[in-house]
Amino acid sequence: MAKPYPKELRVKIVEEYYSGGISQRKLAKKHGVSKAWVFGLLREEKRKRYRAEEEKRRSQRHLKIVENIPQSEIK
């Protein structure tokens, strides 16, 4: 079984991609990894970011509900 790539490499690739100006294919070539691996890594990162954003939206929605309760009803 192949050794997993170091976390530092994963972070570096994700940061480079999201800073813009470079394609997934060029990232793979630059760092000597497969295109499929870069695609999978970035797909996983996109899912994490989407879930974090969803969680943030959900928490904001609940805060609005609490904020709209009139003070006279809170005891």
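Scope of the values below: all heavy atoms of this structure, side chains included, with no hydrogens, waters or symmetry mates. The chain is numbered in sequence order, starting from 1.
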Chemist: Between CZ of Arg51 and CZ of Arg58, what distance do you get to the nearest 0.5 Å?
Modeler: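 The distance works out to 11.0 Å.
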Chemist: I want to check something: taking the side chain as every heavy atom from C-beta on, are Arg49 and Glu53 in contact at a cut-off of under 4.5 Å?
Modeler: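 With C-beta onward as the side chain, the pair stays apart.
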Chemist: How close do Val38 and Gln24 get, heavy atom to heavy atom, and via which atoms?
Modeler: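 That closest heavy-atom pairing would be CG1-O, 3.9 Å.
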Chemist: If the condition is side chain to side chain donor-acceptor pair (under 3.5 Å), which residues does Glu55 pass it with, not counting sequence neighbours?
Modeler: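 None.
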Chemist: Tell me every residue that passes side chain to side chain donor-acceptor pair (under 3.5 Å) with Lys46, counting only those two or more places apart in sequence or in another chain.
Modeler: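 Listed in chain order: nothing, the list is empty.
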Chemist: Using a cut-off of 6.0 Å, state whether more than 12 heavy atoms not belonging to Tyr18 lie near its atom OH.
Modeler: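 More than 12 heavy atoms, drawn from other residues, nucleotides or ligands, come within 6.0 Å of this atom.
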Chemist: Output yes when Arg57 and Glu54 qualify as a salt bridge under the 4.0 Å nitrogen-oxygen rule, no when they do not.
Modeler: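 Salt bridge: yes.
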Chemist: What pair of heavy atoms forms the shortest contact from Tyr17 to Ile22, and how long is it?
Modeler: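 Looking at all heavy atoms of both residues, the shortest contact is CD1-O, 3.8 Å.
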Chemist: Report the distance from atom CD of Glu16 to atom NZ of Lys30, rounding to the nearest 0.5 Å.
Modeler: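 Reported to 0.5 Å precision, the distance equals 3.5 Å.
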Chemist: As a test of understanding, state which of Leu9, Leu41, Leu27 forms a side chain to side chain contact (heavy atoms under 4.5 Å, CB included) with Val33.
Modeler: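 Among Leu9, Leu41, Leu27, the one meeting side chain to side chain contact (heavy atoms under 4.5 Å, CB included) with Val33 is Leu9.
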